[in-house]
Amino acid sequence: MSITHPSFGTIPGERVIIFDTTLRDGEQSPGFSMNLEEKLRMADALAELGADVLEAGFPIASPGDFDSVKSIADRFAKSGPVICGLSRSAPKDILRAAEAVKTAARPRIHTFISTSELHMRAKLRMTQEQVLEAVAASVTLARQHVADVEWSAEDGSRTEDDFLCRCVEAAIRAGATTINIPDTVGYAVPEDMARIFTMLRERVPGADTVIFSTHNHNDLGLAVANTLAAIQAGARQVECTINGIGERAGNASLEEVAMAIRTRQNALNKVTGINTSNILKTSRLLATITGFDVQPNKAIVGRNAFAHESGIHQDGMLKDRGTYEIMTPESVGWTNSSLVMGKHSGRAAFRDKLKALGYEVGDNQLNDAFARFKEIADRKKVVYDEDIVALVDDQILRTHDRIKLTALTVTAGLHTHPMATLKLEVDGEAHEGMAVGDGAVDATFNAIRAAFPHEVGLRLFAVQSVTGGTDAQARVTVRLEEGGKLVDGQGSDTDTIVASARAYIHALNKLLVKRERTAPAAMTA
Ligand code: KIV
Ligand code: ZN
């Protein structure tokens with residue numbers, strides 16, 4: 001059955017709305033925080049991917065959150081996805097969210113309150129009647145600012161049926177246009193979700209005038225299964241994140257939900273607006289920004305998701321791909337040509353390759369990336385797509401860095417004292433540092449501290465290989481902490497020590513951005 005919605009107009013019955021919360025629920029998980037520039041890059045990628053709604057953040061949470069929601073709203077002031085800001089039910093939260101999203105072409109306020117007996121008693125210390133009043137008041141206030149209001153029953157899947165029906169009815173009467181029932185703690189099984197949506201649609205007056213939405217956490221590994229069960233029971237919006245990131249075990253993964261809907265059209269009879277061939281690129285962008293790769297066997301976007309190892313499977317694949325492949329790798333953005341170019345490849349071929357990998361870069365960025373590619377091609381026998389992705393992502397991450405690594409020499413080995421000498425450019429000014437350390441990486445980090453004195457805690461140092469082989473590029477993640485604030489930096493290079501230095505300096509640059517926002521006076525080292 002089609003439905004009319006203030007942001008989308010008439011929505012045909014088979015269309016599922018994809019509500020992406022990578023920038024809010026996803027970003028909320030430890031180590032996944034992003035700065036403004038990274039959020040804008042992610043927002044652009046999500047819009048290109050075809051997400052219908054971007055939950056851009058929780059504006060009351062901090063000035064930084066407010067700024068990023070507002071900047072994303074400004075970015076999509078003329079057209080683009082619906083831009084949504086989260087708020088609790090307090091008026092000051094709602095007004096802050098309204099202010100943050102107001103410039104978007106299609107703004108949404110998403111307001112929520114807990115409805116389960118446990119949450120109301122232990123967390124809110126509110127009675128049912130007080131919660132019902134808060135539902136009506138919060139939605140009414142939100143509707144005074146935007147036409148598109150979503151209301152969520154936090155811990156909805158553990159809420160008593162009659163009370164959930166009363167809350168949903170109050171939200172609809174007050175003007176909510178989307179009703180979201182989250183499985184906040186990832187406790188539900190698919191039958192629970194199906195039952196709840198069926199029950200609400202049957203019992204609540206006005207249920208046929210709103211979009212029902214499902215939001216599932218993955219504590220039992222059931223987030224995607226619960227999402228699909230909810231769709232089958234009438235949910236028309238799904239809340240999900242790229243790579244399934246999110247609180248604790250994460251949220252339902254956007255790529256899994258979108259591909260399940262597409263691949264099992266015969267079972268679900270639904271469609272989304274997702275450009276599935278952009279999925280891999282978006283997943284990799286998030287991994288680059290956050291420094292967290294997905295596990296190799298992750299559905300759709302893991303390195304092994306389309307790899308066929310056993311002889312029987314390979315034989316079957318050669319005879320007919322359908323024997324072991326339920327969707328093509330190309331349909332989610334994997335390309336066939338893993339071997340790309342060598343040191344003799346020219347700029348035009350490099351630009352074409354970038355285009356095929358989904359990057360549109362300006363002339364200056366192309367020149368810088370091409371110079372880096374030539375350096376890598378000189379050092380590496382073969383350059384794979386993954387190498388190009390790593391170097392371009394590395395390059396883009398560095399565009400606005402105030403601190404840049406310009407030279408690095410390290411001596412290390414058996415029976416020697418590891419020593420590093422390096423040069424940095426800080427706001428255009430040359431700085432030099434020299435230091436010893438317990439190993440080559442330690443000496444390098446000490447030399448960075450000597451060149452640009454600062455006191456931060458090193459909380460994580462992780463190295464991954466971009467491709468196979470001893471000449472593979474290393475991708476390093478460094479997590480730094482200052483005053484309780486965590487930032488992750490990434491760096492890649494065929495030399496692990498250079499990659500480590502780049503990652504440390506990237507994290508340091510992020511800390512400077514954080515300091516600039518909170519205490520502009522503390523901008524010096
Ligand atoms: O999991 C949850 O309940 C949420 C709500 C704020 C929608 O993220
Ligand atoms: Zn959530």
Side-chain angles (χ1 to χ4, degrees), residues 38 41-42 44-45 48-49 242-243 275 277-294 296 300-307 329-399 401 405 463-477 489-496 498-503 506:
E38 292 165 342
R41 277 188 70 203
M42 248 350 268
D44 285 343
E48 232 183 281
L49 179 66
I242 298 294
N243 297 345
N275 306 317
S277 57
N278 271 18
I279 282 179
L280 185 64
K281 177 179 135 188
T282 316
S283 156
R284 282 182 168 163
L285 175 65
L286 181 68
T288 304
I289 287 176
T290 59
F292 289 102
D293 273 339
V294 297
I300 319 293
V301 291
R303 191 169 4 111
N304 294 348
F306 294 91
E330 292 79 15
S331 66
V332 295
W334 292 92
T335 53
N336 259 337
S337 60
S338 53
L339 176 62
V340 280
M341 299 176 302
K343 61 180 174 184
H344 301 299
S345 308
R347 187 184 308 265
F350 184 68
R351 189 195 281 273
D352 280 354
K353 188 72 212 176
L354 289 186
K355 233 184 176 157
L357 291 171
Y359 292 96
E360 295 281 352
V361 292
D363 281 346
N364 288 343
Q365 246 174 7
L366 177 75
N367 290 344
D368 293 349
F370 187 62
R372 213 38 220 288
F373 161 71
K374 284 284 182 185
E375 257 175 52
I376 288 175
D378 263 343
R379 280 187 264 152
K380 227 173 160 286
K381 283 191 228 57
V382 285
V383 182
Y384 295 93
D385 285 0
E386 289 89 334
D387 290 311
I388 305 229
V389 168
L391 86 83
V392 180
D393 282 344
D394 207 39
Q395 190 90 36
I396 295 171
L397 287 173
R398 269 173 187 92
T399 319
D401 280 1
L405 177 70
V463 186
Q464 278 163 336
S465 151
V466 171
T467 58
T470 50
D471 64 352
Q473 286 195 80
R475 192 158 106 203
V476 175
T477 302
Q490 283 81 45
S492 50
D493 199 273
T494 47
D495 184 318
T496 308
V498 174
S500 306
R502 287 190 205 278
H506 182 223

With sequence neighbours excluded, tell me which residues meet salt bridge (charged side-chain N to carboxylate O under 4.0 Å, His left out) with Asp368. none

Residues in salt bridge (charged side-chain N to carboxylate O under 4.0 Å, His left out) contact with Asp352, at least two apart in sequence or another chain: none

Nearest heavy-atom pair of [X] and [Y]: which atoms, and what distance?
{"X": "Gly333", "Y": "Leu280", "value": "O-CD2, 3.8 Å"}
{"X": "Gly491", "Y": "Ala503", "value": "N-CB, 3.5 Å"}
{"X": "Ile242", "Y": "Ser283", "value": "CG2-CA, 3.7 Å"}
{"X": "Gln490", "Y": "His506", "value": "N-ND1, 2.9 Å"}
{"X": "Ser492", "Y": "Arg372", "value": "O-NH2, 2.7 Å"}
{"X": "Val476", "Y": "Ala499", "value": "CG2-CB, 3.7 Å"}

To the closest 0.5 Å, what do you measure between [atom1] ([X]) and [atom2] ([Y])?
{"X": "Gln464", "Y": "Thr477", "atom1": "CD", "atom2": "OG1", "result": "6.0 Å"}
{"X": "Leu391", "Y": "Ile376", "atom1": "CG", "atom2": "CD1", "result": "4.5 Å"}
{"X": "Glu38", "Y": "Leu285", "atom1": "CD", "atom2": "CG", "result": "9.0 Å"}
{"X": "Leu286", "Y": "Met42", "atom1": "CG", "atom2": "CE", "result": "4.5 Å"}
{"X": "Asp495", "Y": "Gln473", "atom1": "CG", "atom2": "CD", "result": "11.0 Å"}
{"X": "Ile300", "Y": "Trp334", "atom1": "CD1", "atom2": "CH2", "result": "10.5 Å"}

Got Ile388 and Leu354 here, is their nearest side-chain heavy-atom distance under 4.5 Å?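 They are in contact (side-chain heavy atoms under 4.5 Å apart), so the answer is yes.
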
Are any of the side-chain heavy atoms of Thr288 and Arg475 separated by less than 4.5 Å?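 Heavy-atom side-chain distance check passes, below 4.5 Å.
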
By side chain to side chain donor-acceptor pair (under 3.5 Å) - contacts of [X] (at least two apart):
{"X": "Thr496", "value": "none"}
{"X": "Asp363", "value": "Arg351"}
{"X": "Asp493", "value": "Arg379, Arg502"}

More than 12 non-hydrogen atoms from neighbouring residues, nucleotides or ligands closer than 6.0 Å to CG on Asn364, yes or no? no

Those residues at least two apart in sequence (or on a different chain) that pass ring-ring contact (aromatic ring centres under 6.0 Å, His included) with Phe292 are Phe32

Ignoring hydrogens and geometry, is there a side-chain-to-backbone donor-acceptor pair from Asn275 to Glu48 under 3.5 Å? yes

Which of parallel (below 30°), tilted (30 to 60°) and perpendicular (above 60°) describes Phe370 and Phe350? tilted

